[in-house]
Protein chains: 2
Amino acid sequence: MARSTHTDRDFPQAGHDHAACIDEALAAAAEVCRLSGARLTELRRQVLLLIWDSHAPVGAYQLLDKLSRDGRTAAPPTIYRALDFLSGQGLIHRIESLNAYVGCRDPRRPHVGQFLICRECGTAAELEDAEIAGTVRARCADADFEMHHLTLEVLGRCPGCRRTGPGQADR
Amino acid sequence: MARSTHTDRDFPQAGHDHAACIDEALAAAAEVCRLSGARLTELRRQVLLLIWDSHAPVGAYQLLDKLSRDGRTAAPPTIYRALDFLSGQGLIHRIESLNAYVGCRDPRRPHVGQFLICRECGTAAELEDAEIAGTVRARCADADFEMHHLTLEVLGRCPGCRRTGPGQADR
DNA sequence: TCATGAATGCAACATTATAACATCGAAGAT
DNA sequence: ATCTTCGATGTTATAATGTTGCATTCATGA
């Protein structure tokens, strides 16, 4: 069966051009906020950048540490408000099974996130697969259940870590 | 499209015979533990019962309160150890998006849980749909990703709550 | 310039989960 | 029957994650 409409971007490779990811994320964020009339303040922009440090989900308190290291005073509400804003704009997703947050690769098109998350390197890839979403919707319809939000997270081992050998520790 | 092999039990109805659910859960638990050689102690049995108070996922500290009301002294590790044991035996599932725990309806057959969770009444229904699981596995294969664990949780509104009217508060 | 409301700073607190170590008790070995 | 052993439980403290409430600042439009 065809891969249907999932994103054309594959699992983030070790040596990819991450600066391009960051540039794209910032450009998309600016556009999304402009269209929605929301204010992408310096703080919010800064937090978004910190989240985009890598493709691995980051915890709220890790972000707090990073903010502090950047010289900004920050208490938990600071970061949680920024996270609320960013996720409200669809710029980031929360990974429920890790209590962590990751940048969205396609915020211009609203969608529910579907994630493959590597236990070894921490990297998360966003799937956004229409067939999965469709099947889940169909099952909800079967059950007469009104679907509001889907959480789909697969934990496992990414292509890169599989190549580097089998015996690594979890994280 | 056919419903494939998902469980024959539908969304738990308001007036169903819950005593039967409890009996079945206890019987299954006894059998599972007997087969695995694990010890279903009084404490663990008691916690399992408390979880089966309803089909709504319960938080660890709610369980602690219930245990205390039952006259048993209990600190957090008590409950978390029981939860670890029960989920290790496949007798309960953790709902990541709620930080809560719910009884498994078919512990004899190991599986990954897929849940429909009602925001209004809290009730969770376990799907265990082979088509969804198959599609997810296929996407992982496409991405050369080694799947270890799937978390699939749909938040929404259950048939019963839909019938009682549209304007209820979340929970 | 002023009024307004959103954004941020800040202190305290609530919730969820784990670590470390002591004690108890069931089950088999002697 | 008693001992030994190891898993299960008790207990205290603490870590990790998230929220409430209120004061202050700042951008924006009247």
Side-chain angles (χ1 to χ4, degrees), chain A residues 29-30 33-34 36-51 56-68 70-89 91-102 122 151 153 170-171, chain B residues 29-30 33-34 36-51 56-68 70-89 91-102 122 151 153 170-171:
Chain A
C33 289
R34 186 174 53 74
S36 73
R39 289 170 52 195
L40 186 59
T41 63
E42 183 49 32
L43 172 67
R44 290 162 174 175
R45 205 183 118 92
Q46 212 171 333
V47 170
L48 183 60
L49 261 176
L50 292 175
I51 289 173
V58 211
Y61 281 72
Q62 284 177 265
L63 289 168
L64 260 180
D65 288 347
K66 292 186 184 203
L67 263 189
S68 304
D70 286 4
R72 169 148 341 225
T73 64
T78 300
I79 206 77
Y80 281 105
R81 282 189 292 231
L83 292 171
D84 282 351
F85 172 84
L86 294 171
S87 88
Q89 296 294 317
L91 300 173
I92 63 172
H93 295 285
R94 174 178 163 85
I95 305 296
E96 300 289 349
S97 58
L98 299 178
N99 296 335
Y101 307 83
V102 73
T151 298
E153 299 167 6
D170 281 1
R171 42 165 293 162
Chain B
C33 290
R34 187 174 51 75
S36 73
R39 286 171 53 194
L40 185 60
T41 63
E42 183 50 32
L43 172 66
R44 290 162 174 176
R45 205 182 116 94
Q46 212 172 332
V47 171
L48 183 59
L49 262 176
L50 292 175
I51 289 174
V58 211
Y61 281 73
Q62 285 177 265
L63 288 169
L64 260 180
D65 289 347
K66 292 186 183 202
L67 263 188
S68 304
D70 287 2
R72 160 130 16 204
T73 64
T78 300
I79 207 75
Y80 282 103
R81 282 189 291 231
L83 291 171
D84 282 350
F85 172 85
L86 294 170
S87 88
Q89 296 294 316
L91 300 173
I92 63 173
H93 295 285
R94 173 178 164 86
I95 305 296
E96 298 290 347
S97 57
L98 299 177
N99 296 335
Y101 307 83
V102 72
T151 298
E153 298 167 7
D170 281 1
R171 42 166 291 162

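Side chains are part of it too, since the values below use all heavy atoms of this structure and drop only hydrogens, waters and symmetry mates. A, B, ... follow the sequence lines: proteins, then strands. Residue 1 opens every chain.
- Distances from the side chain of A/T73 to the nucleotides D/dG10, C/dG9, C/dA7 place C/dG9 closest.
- Rounded to whole Å, atom P of D/dT11 lies 11 Å from atom CZ of B/R72.
- Residue B/L64 contributes atom CG, which lies 11 Å from atom P of D/dG10 at whole-angstrom precision.
- Atom pair B/E96:CD and C/dT15:C1' shows a separation of 16 Å (rounding to whole Å applied).
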Side-chain donor-acceptor pairs under 3.5 Å in residues 70-88 of chain A, sequence neighbours left out?
residue : atom : partner : partner atom : Å
A/R72   : NE   : A/Q46   : OE1          : 3.3
A/R72   : NH2  : A/Q46   : OE1          : 3.2
A/T78   : OG1  : A/A75   : O            : 3.4

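- The nearest heavy atom of DNA chain D to B/R44 and to B/A74 marks one nucleotide each, and the one closer to the 5' end goes with B/R44.
- Applying the salt bridge (Lys or Arg N to Asp or Glu O under 4.0 Å) test to pairs two or more places apart or on separate chains, those with a residue in residues 93-102 of chain A are A/R94-A/E96.
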| task | If a protein heavy atom is under 4.0 Å from the base, mark B; if only from the sugar-phosphate, S; if neither, -; do that for nucleotides 15-30 of chain D going 5' to 3'. | result | --BBBBB-----S---
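- Both A/F85 and A/A75 lie close to DNA chain C; mapped to their nearest nucleotides by heavy-atom distance, the more 5′-ward contact belongs to A/F85.
- Per the geometry, CG belonging to B/L83 stands 15 Å off P belonging to D/dA8, to the nearest Å.
- Between the P atom of C/dA7 and the CD1 atom of A/I79 lies a distance of 16 Å, rounded to the nearest Å.
- In this structure, B/I95 places its CD1 atom 18 Å from C1' of C/dA17, rounding to the nearest Å.
- Phosphate proximity of D/dG10 to B/T78: present, with a side-chain N or O under 4.0 Å from OP1 or OP2.
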| said: For a side chain to side chain contact (heavy atoms under 4.5 Å, CB included) check, start with the C-alpha distance between B/I92 and B/L48, then their side-chain angles and the critical distance, and finish with the verdict. | reply: CA-CA 8 Å; B/I92 63 173; B/L48 183 59; 3.8 Å; yes
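- Interatomic distance, CZ of A/R39 versus CZ of A/R44, reported as 7.0 Å (0.5 Å rounding).
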| request: Apply side chain to side chain contact (heavy atoms under 4.5 Å, CB included) to the pair B/V47 and B/L43, showing each step before the final yes or no. | output: CA-CA 6 Å; B/V47 171; B/L43 172 66; 4.3 Å; yes
| task | Could you check A/V102 against A/I95 for side chain to side chain contact (heavy atoms under 4.5 Å, CB included), going step by step and ending with a plain yes or no? | result | CA-CA 7 Å; A/V102 73; A/I95 305 296; 4.0 Å; yes
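- Listed for the B/E153 side chain is a donor-acceptor partner under 3.5 Å among the backbone atoms of B/S97.
- We find that CG of B/L43 is positioned 12 Å from P of D/dT11, with the value rounded to whole Å.
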